[in-house]
Amino acid sequence: MIEQLFTSRPRRRQKPLCGVWYRLHGWLCVLPLLCCAGCFDSLPGKPTEAERYRRPNTIMDFATLYKTHCSGCHGANGDWGPAPPLNDPMFLAICSDEELKKILTYGRPGTPMPAIAKQHGGALTDAQIDSLIAGIRKTWGKEVTPSDPPIPKYLPPEAAGNVEAGKDLFASHCAGCHGNAGRGGDMAGALNDSGFLGTVSDQLLRRIIITGRPDLGMPNYRDAGSKPLTSEEIADLVALLASWRTADEGLTNETDAARTSE
Amino acid sequence: MKQAIGKLLWWFEERLELRTSLWTVMRHPIPRDLRTQVGWLYVFGSTAMTLFVLQIVTGIGLGMVYVPSAGEAYESLEHINYNVELGWMLRAIHNWSANGMVVLVVVHMTQVFLMGAYKYPRELTWMVGVVLLLLTVGMAFTGQVLRWDADSYWGLGVGVAMVGRIPWIGPELVELMLGGPSVGSATLSRFFALHVFVIPGLLFSALAVHLYLVVRKGISEPPQPDEPVDPATYEEKYEAKLKTGDPFFPDVFLRDAAFIGLTLLVVVGVSAILGPDGPGIPPDPTLMHVEPVPDWYFLPAFAVLALSPPSLETAIILIAPVIGVGIMLLLPVFSGTGQRSWRRRPVAVLVVIACFLCYGVLWELGVQEPWSPHMTAWSGEPVPPHMLKGLSPKELQGAAVLQQKTCRNCHALDGLGGQRGPDLTDVATRLTRDQLIRQVIQGGGNMPAYGKELNRFEVEALVSFLETCKPKGYAAAESSVVTDRAD
């Protein structure tokens, strides 16, 4: 039967096809294959080096490190998070790399900023912290135009602030939004509140007074009042806020009762 | 020349006599009813078989490079992905055709069930088909183990823990599977042997029986509601249908070939676009950030095991599969005759819908993993900016406390974050301030107490933030009992 198939089966005659197509139809089949063979390396499914698994402590890429370890509090793009913005050129201009490294390594005790260095219970190695700092500077650090008077120093002056002087400064620079004696106003909430003061450090208060919160609309040291605040004046303001913290006002009695009953 | 080839073929034909064996099989008649569009429902089995052949071909290729040793398997997979010319494509095709095979086997089975093709005289074909399904699942599981990444390592752990629960012989079986009391160097070689020799061998044998029965008993004709199966008359009627039937080759075969071609194109296309699966995180038990997930076909089982209460676990692991497989195997015994058409078998249709619904819902739960905290959410999922607008300094600090105390690992904001606990986006509409404070400090309802983790300032800040968590225009929750605080 197979022999018959090969020898005696009547073959259908090929219809004569149009000249060009007839001559090229073999190539038309082969060409797509050749094209595919040529672009195998550019197919989207080919695994790239970037997809290869890397151990967490070998990841040095800033975007990944920031997204995994910082964006929760500091916002996806370095602002609009509950914690102060990192994409603030003024902050980056006054805060040195050493200071940044100290904050990242040890955290800010008494505030929600945790230590992220491995040796202090965090997840990142020293090299990763360096890469993070370099990335923050490269991505968000900008040349800040020199101002007169210069931007107050990040670290407080040695002399302690004066609470009484702070009261006057608060009335002239802060009360407009935060209300009399920091009890809250129409524009911004209360500062004289242990829930706030008990979870921020004096250094953080100083930083926020200097840089403001551009993302939330809080003005910086220059725009808050009629004239810019000096480094000492900021220390006075911080001293005033710290004195409110010690007074421990604003905490409701239920919380205390619940905690002491345990 | 042609005559010479013809003579050569004839020489073989005289000895092999394929005319009376293979050719007859190829030309076996198929009922004419398949000529209509309904014939397209009969292509899934042959396509699944073709994908199995593709698995063998790509599997041989992979077997030439893959090293089945616990220490080197992961590296050899990376080697295939990155260094071997088109090795990634080979892995991708092996993976996606395996997925396709599982899908097609299930689709084929559903079609056979709905069209009553398992009834007399094809009961045994169905039973062997059930065995084929189990072997396919076995291939899928052992294949997942050979991928030897964290998912496969922990998946193996789950599988072994299930086997270990079998009464009396459990521990011995575990030792046999693992080549020792725990996952070690002998484990992977055992699974390699299972995946490459034992299960494919069994699959081939069962497939041979299945195909023999398909050809011997003939393709079932599309069911008619007014033609129930009666063993006394069925054969006679079927024989009559075959007299006017079409030969399988080439008439019916062309439709199979078309669908097979389309499926192969899809498999290759998906492989080219999506690439191979893994290997993901290395199988290193010291890596703490691993959140292992099984391959998609096992996700419903994953969900069932995660959600079932401990008291039911053994029953679900040991008894439910036996009952399920038993029902499938014995199905033709219980309903081997009578009505075949799905139009007259509402229970059958409902069973199929219920099965797929359960599978789908459990699958979705397996994807979401609401029972498992998302361990990086606290530092990686930003607080949605719209929830921060207009907040007081204390409330902002509260949001930072929420993040830092890892609440987000279990509680989502705007759907982002863990789902172990309720989404907090509108928690203020459900809980009053007092209730929030109590919940944070004392925990309850599956939530641990955070009283010792937070100082009172943090509790105050956190709760004041939570009080702002409600949609615009919605009232805050009110206490149902109004107490007179002056008392």
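Given the structure is predicted, the values throughout are model-derived calculations rather than measurements. Numbers restart at 1 for each chain; the letters A, B, ... are given by sequence-line order, proteins then strands.
- Contacts with chain A were tallied for B/Ala377, B/Ser392, B/Gly280, B/Pro382; B/Pro382 has the most, counting heavy-atom pairs under 4.5 Å.
- Interface residue B/Leu287: only side-chain heavy atoms are found under 4.5 Å from chain A.
- Enclosure of atom CG in A/Asn77 is not indicated, since only 12 or fewer non-hydrogen atoms of other residues, nucleotides or ligands lie within 6.0 angstrom.
- In this structure, chain B has no heavy atom under 4.5 Å from any part of A/Arg54.
- Between atom OG of residue A/Ser194 and atom CG of residue B/Asn455 there is a gap of 10.0 Å, rounded to the nearest 0.5 Å.
- Put simply, of B/Leu8, B/Val270, B/Asp284, the one with the most heavy-atom pairs under 4.5 Å next to chain A is B/Asp284.
- Contacts of B/Glu458 with chain A are made by both backbone and side-chain atoms, with heavy-atom separations under 4.5 Å.
- In this structure the side chain of B/Gln397 reaches within 4.5 angstrom of the side chain of A/Pro112, judged on heavy atoms.
- In terms of heavy-atom pairs under 4.5 Å with chain B, the best-connected choice from A/Arg213, A/Arg52, A/His69 is A/Arg52.
- Counting heavy-atom pairs under 4.5 Å between each of B/Pro279, B/Ala400, B/Ala461 and chain A puts B/Ala400 at the top.
- In this structure, chain B has a heavy atom under 4.5 Å from the backbone of A/Ala190, while its side chain stays farther away.
- Among the candidates A/Gly75, A/Ala188, A/Pro114, the residue making the largest number of heavy-atom pairs closer than 4.5 Å to chain B is A/Pro114.
- Nearest heavy-atom pair across A/Gly45 and B/Trp88 is C-CZ3, 3.5 Å.
- The 12-atom threshold is exceeded at CD of B/Glu75, counting heavy atoms of other residues, nucleotides or ligands nearer than 6.0 Å.
- Contact annotation for B/Pro282: both backbone and side-chain heavy atoms come within less than 4.5 Å of a heavy atom of chain A.
- Counting heavy-atom pairs closer than 4.5 Å to chain A, the top-ranked of the candidates B/Pro276, B/Ala92, B/Ser464, B/Ser271 is B/Pro276.
- Looking at B/Tyr82, its side chain does come within 3.5 Å of a backbone N or O of A/Thr48 through a donor-acceptor pair.
- Here the side chain of A/Thr68 pairs no donor or acceptor atom with the backbone of B/Gly380 at under 3.5 angstrom.
- The NZ atom of B/Lys394 sits 10.0 Å away from the OG1 atom of A/Thr199 when rounded to the nearest 0.5 Å.
- There is no contact between B/Lys405 and chain A, counting heavy-atom distances below 4.5 Å.
- Under a cut-off of 6.0 angstrom, the local environment of CE in B/Met26 is crowded, with over 12 non-hydrogen atoms contributed by other residues, nucleotides or ligands.
- In this structure, A/Arg55 CZ and B/Thr286 OG1 are separated by 5.5 Å, a value rounded to the nearest 0.5 Å.
- For chain A, the nearby part of B/Leu86 is the side chain; its heavy atoms alone come within less than 4.5 Å.
- Other residues, nucleotides and ligands contribute only 12 or fewer heavy atoms inside 6.0 Å of the CZ atom of B/Phe12.
- The local environment of CG in A/Asn180 is sparse, with at most 12 non-hydrogen atoms from other residues, nucleotides or ligands closer than 6.0 Å.
- Note that CE of B/Met89 is 6.0 Å distant from CG of A/Leu43, once rounded to the nearest 0.5 Å.
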Stepwise side-chain contact (heavy atoms from CB on, under 4.5 Å) test for B/Lys389 and A/Trp80 = CA-CA 9 Å; B/Lys389 273 185 189 150; A/Trp80 275 108; 3.7 Å; yes
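- Listed for the B/Gln403 side chain is a donor-acceptor partner under 3.5 Å among the backbone atoms of A/Gly72.
- Chain A forms the most heavy-atom pairs under 4.5 Å with one residue out of B/Leu274, B/Asp149, B/Val463, and that residue is B/Leu274.
- Interatomic distance, NE2 of A/His74 versus OG of B/Ser379, reported as 11.0 Å (0.5 Å rounding).
- A 6.0 Å sphere centred on CE of B/Met387 holds more than 12 heavy atoms belonging to other residues, nucleotides or ligands.
- A/Asp186 CG: 12 or fewer foreign heavy atoms inside a 6.0 Å radius.
- The 12-atom threshold is exceeded at CZ of A/Phe62, counting heavy atoms of other residues, nucleotides or ligands nearer than 6.0 Å.
- Ranked by non-hydrogen atom pairs under 4.5 Å with chain A, the options B/Gly275, B/Ala272, B/Pro385, B/Ala399 are led by B/Ala272.
- The distance from atom CG of B/Leu396 to atom CG of A/Leu216, rounded to the nearest 0.5 Å, is 5.5 Å.
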